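Before any comments, here is the structure.
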Amino acid sequence: MKTTLSIIKADIGSIGGHVAPSTQVLDTVRKHIHLEGNGLLLDFFVSSTGDDIAILMTHTQGVAHPDVHRLAWDAFQAGTAVAKDQGLYGAGQDLLVNAFSGNVKGLGPAVAEMEFDERSAEPFLMFAADKTEPGAYNLPLYMAFADPMNTAGLLLGPEMTKGFRFRIMDVNYTQGDRVIELDAPESLYDIAALLRDNDRYVVEAIFSRSSGEQAAAVSTTRLHNIAGKYTGKDDPVMLVRVQKNFPATGEVLAPFATAHYVGGFMRGSHIGPLMPVPRQTGTSYFDGPPIVSCLGFCVHEGKLTEPVDVFAHPFWDEVRHRAATKAMEIRRQGFSGPAMLPYSELEYGGIVSILERLDKQFRIRPAAKPTPVAV
Ligand code: F6R
Ligand code: MG
Ligand code: MG
């Protein structure tokens with residue numbers, strides 16, 4: 001029996017701005033999945049990070065199954081109705097179309113899915129980030145799966161020394177899925193050359209080169225590309241299988257201690273440090289900082305254990321302090337230079353009209369004629 005893990009997440013409205021969903025909305029989503037998922041799902045877990053609700057589901061239907069996607073879509077619709085009743089801000093924000101068409105990909109919600117034969121024990125991590133973009137996972141994944149400075153298992157774990165295959169997507173291409181597969185360690189520099197650019201090249205999946213098994217799945221949705229205008233940052237989710245033939249939990253978590261700078265933050269248009277937080281943490285300072293939560297589970301014959309909230313550990317308090325300092329430091333320079341994203345990535349159109357208006361006011365000054373020098 002193959003088990004499928006599906007996370008589908010959406011922002012369907014929040015309290016106090018783009019901060020956090022209400023308990024009633026979360027309960028509605030949970031109840032919908034509980035009642036309607038009977039017979040389809042083996043298990044599920046609903047959680048929130050910032051203003052996003054993530055539904056983790058286990059089943060045997062394989063990835064991109066219309067019934068599973070519809071279930072999540074309908075749960076978000078039910079939640080949206082409550083969000084509207086309560087007057088939450090941005091109610092239904094990520095449900096970009098009125099009708100469901102078989103797969104939530106391209107409709108607004110973010111999706112990460114994996115189908116596999118369960119190992120005798122199957123630990124995995126579920127990540128959810130808010131106020132940032134899918135490329136926020138590029139650096140942590142590179143460090144966890146390709147860098148022996150971070151992952152001792154690449155040197156010490158016999159099943160890992162062959163390395164991993166990265167599938168990377170060009171998320172700027174909107175006509176279809178433009179992907180490339182590159183092997184670490186041979187193509188390390190090529191992988192780094194792509195992953196440098198978080199806005200454009202995004203790790204979509206990672207596979208073990210010794211067994212071919214999938215280790216990681218990341219949501220690669222670009223809401224901006226789907227809607228053609230700003231609808232909120234993509235706020236990505238990710239699944240990572242850990243231990244044995246994959247990096248250990250701690251090796252996957254360690255890169256998050258960097259609290260690296262990512263795109264997102266206020267109005268999806270700035271750079272801020274990615275702060276690891278416990279689940280159900282909202283956002284605050286400058287609509288951020290960008291946050292990431294991580295829950296550890298084991299799945300056995302499709303049944304989930306209770307989650308362990310790994311970023312709730314005291315170790316991460318120090319990282320959070322450092323992230324707060326980094327956030328305030330970059331905010332000191334306001335709109336200037338790298339504090340704000342480049343023109344092409346700005347999520348709000350206001351500046352476009354300012355620049356268009358100013359463009360007309362520019363004039364070309366004739367070059368001054370050189371004064372002849374007497375000889
Ligand atoms: C970023 C985000 C927020 C909003 C900001 C303005 O992803 O969600 O920073 O962009 O609060 O929101 P609106 O335009 O809804 O007033
Ligand atoms: Mg939002
Ligand atoms: Mg969000």
Side-chain angles (χ1 to χ4, degrees), residues 7-22 25-26 29 46-55 72 76 79-80 82-84 86-96 104 107-112 126-137 198-199 218-238 261-294 327 330-331 334-335 339-341 345-353:
I7 325 180
I8 305 189
K9 78 98 227 177
D11 174 354
I12 54 169
S14 40
I15 307 174
H18 294 273
V19 178
S22 67
V25 168
L26 267 167
V29 171
V46 175
S47 181
S48 74
T49 302
D51 57 10
D52 299 301
I53 298 179
I55 310 171
F76 287 134
T80 297
V82 173
K84 284 185 175 155
Q86 288 191 299
L88 296 198
Y89 190 65
Q93 160 180 311
D94 284 354
L95 309 184
L96 300 176
V104 295
L107 303 185
V111 191
M126 164 188 160
F127 289 87
D130 188 35
K131 305 293 186 276
T132 187
E133 57 189 0
Y137 295 127
N198 289 347
D199 299 335
V218 183
S219 65
T220 49
T221 334
R222 288 268 288 184
L223 289 177
H224 186 74
N225 290 341
I226 297 167
K229 60 176 170 48
Y230 181 76
T231 52
K233 264 278 174 241
D234 313 306
D235 305 341
V237 285
M238 168 164 85
Y261 285 113
V262 296
F265 220 167
M266 173 59 75
R267 295 176 187 273
S269 302
H270 293 81
I271 297 287
L274 187 63
M275 180 187 273
V277 293
R279 76 186 182 95
Q280 297 199 315
T281 300
T283 52
S284 182
Y285 171 69
F286 202 57
D287 279 5
I291 52 174
V292 60
S293 70
C294 177
I330 196 158
R331 284 312 315 134
F335 59 79
M340 202 182 251
L341 288 176
E345 287 298 318
L346 294 178
E347 300 282 10
Y348 280 74
I351 198 159
V352 178
S353 38

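Atoms within each ligand, like the ligands themselves, are counted from 1 in listed order. All figures in this text were calculated on a predicted structure; none of them were measured in a lab.
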Non-neighbouring partners of D52 that pass salt bridge (Lys or Arg N to Asp or Glu O under 4.0 Å), sequence neighbours left out:
K9
So do F127 and V218 actually touch side chain to side chain, heavy atoms under 4.5 Å?
no
So, does S47 use its side chain to make a donor-acceptor pair with the main chain of A54 at under 3.5 Å?
no
Is a side-chain donor or acceptor of D130 paired with a backbone partner of D51 at a separation under 3.5 angstrom?
yes
Under 4.0 Å from one or more heavy atoms of Y89, ligand 1 contributes atoms 13 (P), 15 (O), 16 (O)
Indicate if the distance from the Mg ion (ligand 2) to the nearest N, O or S atom of D130 falls below 2.8 Å.
no
Output yes when the distance from some N or O of ligand 1 to some N or O of D51 is under 3.5 Å, and no in every other case.
no
Polar side-chain atom of Y261 near backbone of A327 as donor-acceptor pair, under 3.5 Å:
no
D11 near the Mg ion (ligand 2) via N/O/S, less than 2.8 Å
yes
Quick one: does G17 get within less than 4.0 Å of ligand 1, heavy atoms only?
no
Give the atom name of whichever N/O/S atom in H18 sits closest to the Mg ion (ligand 2).
ND1
Minimal non-hydrogen separation, A83 against I12, with atom names:
CB-O, 3.4 Å
Among residues two or more places apart or on two chains, list those pairs meeting side chain to side chain donor-acceptor pair (under 3.5 Å) that have a residue in residues 283-293.
T49-S293
Answer with side chain, backbone, both or neither: which part of F265 has a heavy atom less than 4.0 angstrom from an atom of ligand 1?
backbone
Enumerate the atoms of ligand 1 whose separation from the nearest heavy atom of M266 is less than 4.0 angstrom.
9 (O)
Is there a donor-acceptor pair closer than 3.5 Å between any side-chain N or O of T80 and the backbone N or O of A91?
no
N/O/S atom name from D235 that is nearest to the position of the Mg ion (ligand 3):
OD2
D52: its N/O/S atom lying closest to the Mg ion (ligand 3) (atom name):
OD2
Atom indices of ligand 1 within 4.0 angstrom of K131 heavy atoms, with elements
1 (C), 2 (C), 7 (O), 8 (O)
Counting only heavy atoms, which portion of H18 has something under 4.0 Å from ligand 1: side chain, backbone, both, or neither?
side chain
Counting N and O atoms only, with roles assigned by atom type, does the side chain of K131 sit under 3.5 Å from a partner on the main chain of R267, one being a donor and the other an acceptor?
no
Quick check: of its N, O or S atoms, which one does D51 have closest to the Mg ion (ligand 3)?
OD1
